[in-house]
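Read the structure below first, then the notes.
Naming: A, B, ... by sequence-line order, numbering from 1 per chain.
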Amino acid sequence: MNDIFNGPYDPKSVEEKIYKQWEESGYFNPDNLPTKKSAKPFTIIMPPPNANGSLHLGHVIPITLEDIMIRYKRMKGFKTLWLPGADHAGFETQVVYEKKLEKEGRSRFKIHPEQLWQEIWDFTQHNKKTMENQVRRLGASCDWSREKFTLDPDIISKTQDTFIQMHKDGLIYRGERLVNWCTKHQTGLSDLEVNYETRKDPLYYIKYGPFTLATVRPETKFGDTALAVNSKDKRYKKYIGKEFEVESIIGKTKIKVIGDDAIDPKFGTGVVKVTPAHDQTDFEIWQRHKDEIPGPREIINKFGKMDLIRHFPDSDEAKKYEGLKINEARKLIVEDMQKRGLIEKIDNTYEHEVGVCYKCGTIIEPRLMAQWFVKMKPLARPAIDIVKKNKIKFIPVRLKKIYFHWLKNIRDWNISRQIVWGIQIPAWQCQECGEWIILKEKPLKCSKCKTSKIERDPEVFDTWFSSGQWPFLTLGYPNEKDYKNFYPTSVMETAADILPFWVMRMIVIGLYRTKKIPFRHVYFNGLIRDKKGQKMSKSKGNVVNPLDIIELYGTDALRMSVIIGNTPGNDLNFFEDKVRGYRNFANKIWQASRFVLMNAETFKYSTSLSKKIKMTASDRKRLKELESLKKKVTKQMDTFKFHLAAEELYHYFWHTFADKIIEENKNRLKEETMKSAEDRTAAQYLLLQILTESIKLLHPFMPFITEEIYQNLPTKGMEFLMVNKW
RNA sequence: GGGUGCUUAGUUCAGUGGUAGAACGCUUCGUUCACAUCGAAGAGGUCACAGGUUCGAUCCCUGUAGCACCCACCA
């Protein structure tokens, strides 16, 4: 017997070697698999990890789950493709890089965009390489020869094609809208990238002509273009449509009262000042009353400072507040208003939700900007239908509700980002007449005024605009062989929290662009949390590096610990004791295999042997039991119940095979106690048979140890367990 | 203000319309050559609460409470 079995199982000496063998075998690539011609494809596109750091424990769950599915299907004879990738992760990465710059005492705003781009490129390429090796350590059997990066030239080009096609189809428009503006990062954000925090802010009741109204933002007064009341409000009905001259700190101005149903008569005094340039609701009110009232007047600039003089050149007050930050301005203005008796009262108990940047927590300043938008309503409808008809199945099903809720209430999608790190928008503007031309290459002349003064839109796409096309772009839509062979993909396995960001958009754009569903199943895994159920984050200091765990306990143990007890869509708490338990299990497998092999040295295996073996009734019972286990586990695998399958196998191997079957057969194996050579052969056969099958069933979950043992079995058929028949 | 999920052993969590399950931890015993990263035996639960459906509910329905998360333009 091979003496590698001496001592406890040592993952370190096995894992690296085995992975290398697998990779060299070429079997990660479906083109090399010994599959039948009629074999069906099974495809998973790996959600590309962000190339702005290294893998953390949160990546272990998805990669393990995907690997389990892939290995299972590969053994089932499918033509399996698991395509890995990495995401440039636009804004996310730029934020990470900016923090790095800050530490070095540099600022993004002082670096030439091209240089900044190059620096971030180098940064991501470096991270990408580290991450690839980490993915290997996890045992991922993905096809590295097909790996993609979201900034590969073909991905960039085809992402732009989609934009151009959408434009042709009338789905893209450039609109002056209020954008969620982060004054720190100097970029607009999508609605999804805004978090809301509960804040306590003074609510000022200010006098406004014949009215008193409540506001938390008196400083936006200078941008007011109307007053609004609910059109059904009896108290104020008579004022609607009338214009008033009001006294304010910058003198007298005229302002009109309008009626709008968005106003809640019960809030404050039921009167609202309308500031369309700095408030989403007010902007919408203005859009409904465009003919009656003046448009937005911007009085806060992109740095979050007062910008008044250009609107009120003759006002001394305007000069006084000019350039002040919002908070400073507010304080001063309130003081001045109090001096003039314009403040009736201040309510200090008021709590409300304030939108903040999801990265830095800076209060979002709604800001009027021209941006590219995708019309979502027409795209949402087919995406709703397809899931309703169950053409795409959700695991767990309950998340469909969230999906529908999102799509039914969807608003147009702002896809412009004011950063350098991303895919450039293929849009060009004539500097003479302002005409926009949507083309990949720079046009020679403006299509309207025929001049050649044309500049590129310096902005880039929201990163989700390109990741939303990931399943078909990675496969080489529309003409590549892979696209024809492997699309639609089989399963999209991803974290539940990016359903609206990513899954929804992949379905929406996938349907639009390919006229096909991008995947048949979506499997949502939960987030990994620490022992106490808290989110892991660097600032809390509870981050666990998966490689440290692997060093201690091995990859197989780590994999088992994140699979067992992990149900789709639910979060999972991580603790080291659990991993230790499965490290012990790995050793159990190792020792049991050692015992079986030790006692099988006299055993000559051949496929025709099984007929000659004299099995006892209890042997047959044990084999039957094994058969029913196989059936049960197969069914669980087919229905995505990996946590149950893994637990079932764990229990069978340890408490049935090792504790019972091996024990009850010991006497049949020893020279001194055996009944006959024939009976010994039967016992050897039984144990080898059960061991071989158990190892196969365990392989998707614990690929390294099972492969290593398999290669030492006299019963092995193929060169690798990885491609052995399930 | 809406929505979703969770509440089961000391802990972390599975699970089922019909005597409650696992892992870890705990207690007692065991050092005969597969394994002390082990074995044997064991303690430990009104399955959040209150109603309802049912022959029977931890499971299905309704409501309540606590926790977690998501969404929302009430200034």
Note to self: From the set B/G15, B/C35, B/C73, return the single nucleotide nearest to any side-chain atom of A/Asn587.
What the structure shows: B/C35
Check: If you check the A/Gln280 side chain, which of B/U37, B/A34, B/C73 turns out closest?
Finding: B/C73
Checklist line | Rounded distance (Å) that lies between atom P of B/A72 and atom CD1 of A/Ile410 | finding: 11 Å
Next item on the list: For A/Ile564 and for A/Lys401, locate the closest nucleotide of RNA chain B by heavy-atom distance; then report the residue assigned to the nucleotide nearer the 5' terminus.
Entry: A/Lys401
Next item on the list: Consider the side chain of A/Lys588, meaning its heavy atoms from C-beta on, and name the nucleotide among B/C35, B/G5, B/A75 that approaches it most closely.
Entry: B/C35
Next item on the list: Consider the side chain of A/Tyr650, meaning its heavy atoms from C-beta on, and name the nucleotide among B/A23, B/C38, B/A34 that approaches it most closely.
Entry: B/A23
Check: Expressed as a whole number of Å, how far does the P atom of B/C70 sit from that of B/U46?
Finding: 34 Å
Note to self: Could you check whether A/Lys290 makes a cation-pi contact with A/Trp286, meaning its NZ or CZ is under 6.0 Å from the centre of the six-membered ring and within 45° of the ring axis?
What the structure shows: yes
Note to self: Under 4.0 Å, counting only non-hydrogen atoms across every strand here, what does A/Arg398 touch: a base, just sugar-phosphate, or nothing?
What the structure shows: sugar-phosphate
Check: Given B/G15, is OP1 or OP2 found less than 4.0 Å from the side-chain N or O atoms of A/His643?
Finding: yes
Next item on the list: May I have the distance from A/Asp571 (atom CG) to B/U12 (atom C1'), rounded to whole angstrom?
Entry: 14 Å
Checklist line | P gap between B/C61 and B/G18, integer Å | finding: 16 Å
Next item on the list: Classify the nucleic acid contact of A/Ala658 as base, sugar-phosphate or nothing, counting any heavy atom under 4.0 Å across all strands shown.
Entry: base
Note to self: Counting the atoms with a prime plus P, OP1 and OP2 as sugar-phosphate, which does A/Lys666 contact under 4.0 Å by heavy atoms, base, sugar-phosphate, or nothing?
What the structure shows: base
Notebook entry, point to check: How many Å lie between CD1 on A/Ile402 and C1' on B/G3, as a whole number?
Noted result: 8 Å
Check: Is the NZ atom of A/Lys400 crowded by more than 12 outside heavy atoms at less than 6.0 Å?
Finding: yes
Next item on the list: Could you work out the separation of B/U7 and B/A14 based on their P atoms and round it to a whole Å?
Entry: 7 Å
Next item on the list: Name the closest nucleotide to the A/Tyr196 side chain, picking from B/A72, B/C35, B/G15.
Entry: B/A72
Next item on the list: Round to the nearest Å and state the distance from A/Asn230 atom CG to B/A75 atom P.
Entry: 16 Å
Next item on the list: Provide, to the nearest angstrom, the distance between the OH atom belonging to A/Tyr582 and the P atom belonging to B/C38.
Entry: 13 Å
Next item on the list: With the side chain counted from C-beta on, respond yes when A/Lys256 and A/Glu292 share a heavy-atom pair under 4.5 Å apart, and no when they do not.
Entry: yes
Notebook entry, point to check: Is a donor on one side and an acceptor on the other found under 3.5 Å between the side chain of A/Asp279 and the backbone of A/Thr275?
Noted result: no
Note to self: With hydrogens left out and only the distance checked, is there a donor-acceptor pair under 3.5 Å joining A/Lys578's side chain and the base of B/A22?
What the structure shows: no
Next item on the list: Please state the C1' separation for the pair B/C33 and B/C59 - nearest whole angstrom.
Entry: 49 Å
Next item on the list: Could you check which of B/C71, B/C38, B/A75 has an atom nearest any side-chain atom of A/Trp654?
Entry: B/C38
Next item on the list: Kindly say if A/Thr281 contacts the phosphate of B/C74, meaning a side-chain N or O under 4.0 Å from OP1 or OP2.
Entry: no
Notebook entry, point to check: Among the nucleotides B/U37, B/C73, B/A75, which one has an atom lying closest to any side-chain atom of A/Glu284?
Noted result: B/C73
Next item on the list: Could you tell me the separation between the CD atom of A/Glu648 and the P atom of B/G15, rounded to a whole number of Å?
Entry: 13 Å
Notebook entry, point to check: B/C73 phosphate, OP1 or OP2: any side-chain N/O from A/Arg411 under 4.0 angstrom?
Noted result: yes
Notebook entry, point to check: Considering all heavy atoms of both residues, which atom of A/Glu493 and which atom of A/Leu65 are nearest to each other, and what is their separation?
Noted result: OE2-CD1, 3.4 Å
Margin query: Counting only heavy atoms from other residues, nucleotides and ligands, does the tally under 6.0 Å from NZ of A/Lys696 exceed 12?
Written below: yes
Item checked: Integer angstrom distance from the P of B/G44 to that of B/G21 -> 15 Å
Check: B/A72 base to A/Glu353 side chain: any donor-acceptor pair below 3.5 Å?
Finding: yes
Notebook entry, point to check: Taking for each residue the nucleotide of RNA chain B bearing the nearest heavy atom, is the 5' side occupied by A/Pro265 or by A/Tyr9?
Noted result: A/Tyr9
Margin query: I'd like to know if A/Arg583 reaches the base of B/U37 with its side chain, counting only an N/O donor and acceptor under 3.5 Å.
Written below: yes
Check: Of all the nucleotides listed (B/C71, B/U12, B/U37), which has the minimum atom distance to the side chain of A/Asn573?
Finding: B/U12
Notebook entry, point to check: At their closest point, which heavy atom of A/Ala228 faces which heavy atom of A/Val274, and how far apart are they?
Noted result: CB-CG2, 3.7 Å
Notebook entry, point to check: From B/A34, B/C74, B/U4, pick the nucleotide closest to the side chain of A/Asp264?
Noted result: B/C74
Note to self: Would A/Arg177 pass as a cation-pi partner of A/Phe373, given that its NZ or CZ must be under 6.0 Å from the six-membered ring centre and within 45 degrees of the axis?
What the structure shows: yes
Item checked: Side chain to side chain, A/Phe595 and A/Gln591, heavy atoms closer than 4.5 Å -> no
Next item on the list: Report the relative orientation of the aromatic rings in A/Tyr239 and A/Tyr236; use parallel for angles under 30°, tilted for 30 to 60°, perpendicular for over 60°.
Entry: tilted
Next item on the list: Write down the distance separating the C1' atoms in B/U8 and B/G2, rounded off to the nearest Å.
Entry: 30 Å
Check: Does a nitrogen or oxygen in the side chain of A/Asn570 sit under 4.0 Å from OP1 or OP2 of B/C13?
Finding: no
Notebook entry, point to check: For atom C1', what is the distance between B/G52 and B/A43, given to the nearest Å?
Noted result: 37 Å
Notebook entry, point to check: What is the nucleic acid contact for A/Phe575, judged by heavy atoms within less than 4.0 Å: base, sugar-phosphate only, or nothing?
Noted result: sugar-phosphate
Notebook entry, point to check: Which whole-number value in Å describes the distance from A/Glu351 CD to B/G1 P?
Noted result: 12 Å
Next item on the list: For A/Leu399, answer base if it contacts any base atom (sugar-phosphate contacts may also be present), sugar-phosphate if it contacts only those atoms, and nothing otherwise; contact means non-hydrogen atoms under 4.0 Å.
Entry: nothing
Notebook entry, point to check: For RNA chain B, what is the dot-bracket line, given that a base pair needs Watson-Crick (N1 to N3, plus N6-O4 or O6-N4) or G-U wobble (N1-O2 and O6-N3) geometry with both distances under 3.5 Å, and | means paired with another strand?
Noted result: (((((((..((((....[..)))).(((((.......))))).....(((((..]....))))))))))))....
Margin query: On a heavy-atom basis, which atom in A/Leu178 and which in A/Leu368 lie closest, and how many Å separate them?
Written below: CD2-N, 3.6 Å
Next item on the list: Mark yes or no for a side-chain to base donor-acceptor pair under 3.5 Å between A/Glu663 and B/A34, with no hydrogen or angle criteria applied.
Entry: yes
Next item on the list: Select one nucleotide: of B/A23, B/C73, B/C74, the one nearest the side-chain heavy atoms of A/His655.
Entry: B/A23
Next item on the list: May I ask you to say what A/Gly268 touches in the nucleic acid, namely base, sugar-phosphate or nothing, with a heavy-atom cut-off under 4.0 Å?
Entry: nothing
Notebook entry, point to check: Rounding to a whole Å, what distance do you find between A/Asn665:CG and B/A34:C1'?
Noted result: 14 Å
Check: For atom P, what is the distance between B/C60 and B/C38, given to the nearest Å?
Finding: 37 Å
